[in-house]
Amino acid sequence: MDPSDQKYFTVIDYVIFAVLLTASMGIGLYYALSGGRQRTTQEFLMADRSMHCLPVSLSLIASFQSAVAIIGVPAEIYTHGTQYWFIGCAYILGLFIPAHVFIPVFYRLRVSSAYEYLELRFSKAVRICGTLTFIFQMVIYMGVCVYTPAFALNTVTGFELWGAVLATGLVCTLYTTLGGLKAVIWTDVFQTVVMFAGQLAVIVVGVQKTGGVADVWRKVWEGNRISGLDLNPDPTERHTFWTLAVGGVFLMLSLYGVNQAQVQRYLSSRTEKEAVRSCYMVFPSLQLALALSCVMGLVMFARYCGEDHSDKLMVIYFVMDMLHGLPGLPGLFIACLFSAALSTISSAFNSLATVTMEDLIKPQYPAMTEARATLLSKALAMSYGLLCLAMACLTHLMGDSVLQVALKIFGMVGGPILGLFCLGMFFPWANSIGALAGLGAGLVVAFWLSIGSILSRSTRPLPLECGANVTAAIQTAISNVTLSQPSGLKRFYSLSYMWYSAFNCTTVILIGLIISFLTGRRVLIRVFIIRTPQRPPSGHKEGNGLAFSQEDGPSLEERESFLPEDFVEYETAV
Ligand SMILES: O=C(O)CCCC[C@@H]1SC[C@@H]2NC(=O)N[C@@H]21
Ligand code: NA
C-alpha cells in the first residue's frame, strides 16, 4: 500500500495528539502558577526537594525511554531475535548499585548538580570538564530523540515532519521553561502512561490481526526469533548474554547512577529513603517497558516475517498497518511516540539548564540574585530547546539503527563520565590530575573506537525466512558463519558497542590511577566520608562503603547535613 495516499488519520487521531500536547502544556502552566510559582532555583531546578517516589520513579523511566526505544527495540527484535531482551538482567545491578552507592553520596552532599561532587572530591577543573562532557552527550542525544519520531512518521504516513518537530520542540520548551522540574516530572508521569497504553494497543490489535497468540508464537519460533542463552564470550559478538547483561550494567550505571537527569530526580525526592525507593520502583516498570517493546517486535515478525524493510520505517509501517481503520488508535500511537520523545527531551533540557547554571554560571557570579538566577535558568532551558531543534537536523546524517546510535552515544560519552565518578568514589588515592588525564584519555579512546567501528564493520542480520522449511541448524550455520575473523586493530574496532560503557569506564579508571601514582608525590587527598545512621549495638561498624576508605577516618555517625568539612584531608607520600 502506498502510504501517502492512505488516509491514516481521522479527526479523532489529530484530537488525541493535540490533547497530549495540550495536557503537557497545562501541567507546565499549572506549576508555573502554583506553589512558589517557580521563583527560586530550588523550586525550578530541584522541585523544592519535595517529590514522592512514585512520580520520581515514572519520571526516571521516561527520561531514557524515548521514541528510540519504542521504534528501535521492536526493529532490533524483528531483525536479530530476542537476544536484546537479556539487557533486562542488567537492570538488577544497574539499579541496585545506584540505589546504595551513588544516591547516598549525592543525596547527603545536598548538591544540585552531580558535578559538584567532582569539585569537592577533585578540583574545579574536573567539575567543569565533567559538566562539558555531559552537555555534549545530552545535546547529541536530544537531537536523536526529537528527530526519530518525526522522521519515521513523516516517511510512512506523510505526517508533516518539521511541523511535528517544531510542535514537539516548542511545547516541550515551553512547559519545561514555565513549570520547571515539577512540571517535567509530572508530564513524564502522564507521558509514561500514554507510552505504555500506545504500545499495549499495538500489541493487542497486532496479535488479534495475526491470528492469535498461538499463531504468533508458532511463526516466531519457526522463524528462529526466540534466541537462546548465548554464552559466547567473544567480545566482538554484537549481542550475547555477556555484552547485554554485563556490558549493560555499565550502560545502566552511566544513566541511572551518574547521569544528571537521573541524579536530579533522586535529589528532588523528599528524603534519601524516598529516592532509594524510587530507584527500586524503576525496576518493574523498566522490565515492563522492555517486554512491551520486545513483544511488539515479535508480533511484527509474525506479521511480516517474509518481508524486508529498513528497520526505522518498519515499525511505523507495521503500526499503521495494524491500527488504521480503528479511529483513535493511530492517534494514540502517535501520542505514545511523541510522549516518549517529549519526556526525554524535557528531562534533557532541564538537566542541561541545571548543570549550566550550577556548574558553569553560578560559580562565576556568586553574588547573582535568586530572581536573576531563576530567570537565567529559564532562558537556558529555552535556548537548549532551540539548540535541540538544530540538533534534530544533524540527526538526519546518523546511521540507520537509531537504537544503536543512542546506545553508542551513551557508551562513548556516558562511559567515561561513569569512570570519572568511579575514580572519585572508589579510589581515594586518585587525584585531580589523574582524573583529568583519565577523562581525556577515555574520551579519545572512545571516539577512536566508535569511529573505527563505523568505518570497518556491518552487523549481520539473521535471515528473514520464516516457516518450518528453514531449520534452526541452517539458521545457526548462516548466522554464525565467521567472515575472515578480524585480528589486531580490526578486532579492536569490532568490539561490541554494548561493551563501550564498560571499556571506556575502565580506560578512565586505569589511566586515572596511573597518572595519579605518577603525580601523586605529597598529594593532598580529599576523601568524602559517608556516615551511616548509628547502628543499634551490633558490634560492627557499617559504612555505605564507598567513596571513602581510610579506616582511621572519623567515627561513622549520622549527620544532619553534610558539609565540605566532611571531606577529610590526607597527606600521602606515594
Ligand atoms: O530509548 C532511548 O532513548 C535510548 C535507548 C534505551 C536507553 C537505555 S537501554 C537500557 C535502559 N533501559 C531503557 O529503557 N532505557 C535505557
Ligand atoms: Na522519554
Side-chain angles (χ1 to χ4, degrees), residues 1-21 65-79 145-165 167-168 191 194-212 215-216 219-220 292-342 400-403 464 466:
M1 105 192 52
D2 170 3
S4 54
D5 63 16
Q6 282 296 328
K7 182 129 182 55
Y8 278 107
F9 303 112
T10 60
V11 172
I12 187 172
D13 296 313
Y14 284 108
V15 165
I16 291 180
F17 184 57
V19 163
L20 165 75
L21 297 184
Q65 181 76 19
S66 78
V68 169
I70 307 273
I71 293 177
V73 176
E76 163 65 30
I77 302 299
Y78 181 87
T79 317
C145 290
V146 166
Y147 187 77
T148 305
F151 172 77
L153 269 178
N154 168 266
T155 314
V156 176
T157 65
F159 197 85
E160 181 33 55
L161 174 62
W162 295 110
V165 170
T168 314
Q191 288 157 357
V194 173
M195 210 160 36
F196 285 157
Q199 288 181 293
L200 211 53
V202 173
I203 290 170
V204 169
V205 171
V207 168
Q208 190 258 332
K209 280 193 174 181
T210 314
D215 228 20
V216 166
K219 284 180 183 165
V220 157
L292 285 174
S293 38
C294 289
V295 167
M296 199 158 119
L298 290 176
V299 177
M300 188 165 82
F301 181 81
R303 176 85 181 164
Y304 298 126
C305 51
E307 297 166 39
D308 181 9
H309 295 265
S310 83
D311 74 357
K312 197 163 21 205
L313 315 184
M314 181 76 220
V315 177
I316 308 290
Y317 181 89
F318 163 67
V319 170
M320 290 310 154
D321 179 23
M322 293 293 105
L323 298 183
H324 87 277
L326 299 168
L329 289 189
L332 175 62
F333 187 76
I334 290 182
C336 156
L337 215 50
F338 280 87
S339 292
L342 278 171
D400 65 344
S401 160
V402 284
L403 179 65
L464 283 165
C466 68

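In what follows, residues are counted from 1 in the order of the sequence shown.
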Exercise for the section: Report the C-alpha distance between I316 and L337 in whole Å, list the side-chain angles of each, state the deciding distance to 0.1 Å, and finish with yes or no for side chain to side chain contact (heavy atoms under 4.5 Å, CB included). Expected result: CA-CA 10 Å; I316 308 290; L337 215 50; 3.7 Å; yes
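The shortest non-hydrogen separation linking A341 to C145 is CB-O, 3.6 Å. Here the closest heavy-atom approach between residue I71 and residue P74 is recorded as O-CD, 3.5 Å. Of all heavy-atom pairs spanning F17 and I334, the tightest one is CD1-CG2, 3.5 Å. Nearest approach of I70 to A340, heavy atoms of both residues: CG1-CB, 3.8 Å. Taking each heavy atom of P330 and D13 in turn, the nearest pair found is CD-OD1, 3.5 Å. Among all heavy-atom pairs drawn from V299 and F318, the shortest one is CG1-CZ, 3.8 Å.
Atom CD1 of I12 and atom CG of L332 lie 10.0 Å apart (nearest 0.5 Å). With rounding to the nearest 0.5 Å, the separation of CE in M296 from CG in L298 is 11.5 Å.
For F333, the ring pair (Phe, Tyr, Trp, His ring centres under 6.0 Å) test picks out no residue, with sequence neighbours left out. The side-chain contact (heavy atoms from CB on, under 4.5 Å) test applied to S339 returns L20, Q191, V194, not counting sequence neighbours. Residues passing the ring pair (Phe, Tyr, Trp, His ring centres under 6.0 Å) test with F196, sequence neighbours excluded: none.
By the 4.5 Å heavy-atom criterion applied to side chains, V315 and Y78 are not counted as neighbours.
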Would you be so kind as to tabulate the donor-acceptor pairs closer than 3.5 Å made by side chains of residues 199-212, with sequence neighbours excluded?
| residue | atom | partner | partner atom | Å |
| --- | --- | --- | --- | --- |
| K209 | NZ | M322 | O | 2.7 |
| T210 | OG1 | G206 | O | 2.5 |

